[in-house]
Amino acid sequence: MSTAREQPDPRATLRGGLPDRYLTPDDIAEIFEVPKETVYQWRRKNVGPPGFRIGKHLRYDPADVRAYVTQLKTADHNAA
């Protein structure tokens with residue numbers, strides 16, 4: 001039996017309940033299907049979901065990511 005904890009698909013975060021962990025830049029890249037460098041560019045340009053640092057590590061609160069997606073969907077719907 002494996003003792004390593006299997007990581008859930010981060011895209012399920014946006015479809016289902018919030019995970020019990022903060023998301024990494026790799027998770028964000030996978031969720032939005034963009035290269036990880038794009039995630040870092042978003043951060044430098046102050047676009048994309050808001051992130052925060054824990055020491056030298058960049059993390060994203062799943063609730064903030066969900067709010068960001070909701071904001072994008074609302075803006076897109078209003079523009080249509």
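Along the sequence shown, the residues carry numbers beginning at 1. Just so it is clear, the values below take in all heavy atoms, side chains as well, and ignore hydrogens, waters and symmetry mates.
A side-chain donor-acceptor contact under 3.5 Å links Arg43 to the backbone of Gly51. A donor-acceptor pair is defined here as one N or O able to donate and one able to accept, closer than 3.5 Å; no such pair exists between the side chain of Thr38 and the backbone of Val34.
Contact check on Arg21 versus Asp27 returns a salt bridge, with a Lys/Arg side-chain nitrogen under 4.0 Å from an Asp/Glu carboxylate oxygen. The pair Glu37-Arg44 meets the salt-bridge criterion, since a charged nitrogen lies less than 4.0 angstrom from a carboxylate oxygen.
Here the CG-CG distance, from Leu23 to Asp61, works out to 8.0 Å after rounding to the nearest 0.5 Å.
In this structure, Phe52 has its ring center at least 6.0 angstrom away from the ring center of Tyr60.
The shortest distance between side-chain heavy atoms of Val65 and Phe32 falls below 4.5 Å.
A tilted orientation is assigned to the rings of Tyr68 and Trp42, their planes being inclined by 30° to 60°.
Scanning all heavy atoms of the two residues, the minimum distance from Leu58 to Pro25 falls at O-CD, 3.3 Å. Minimum heavy-atom separation, Ile28 to Pro49: CG2-CG, 4.3 Å.
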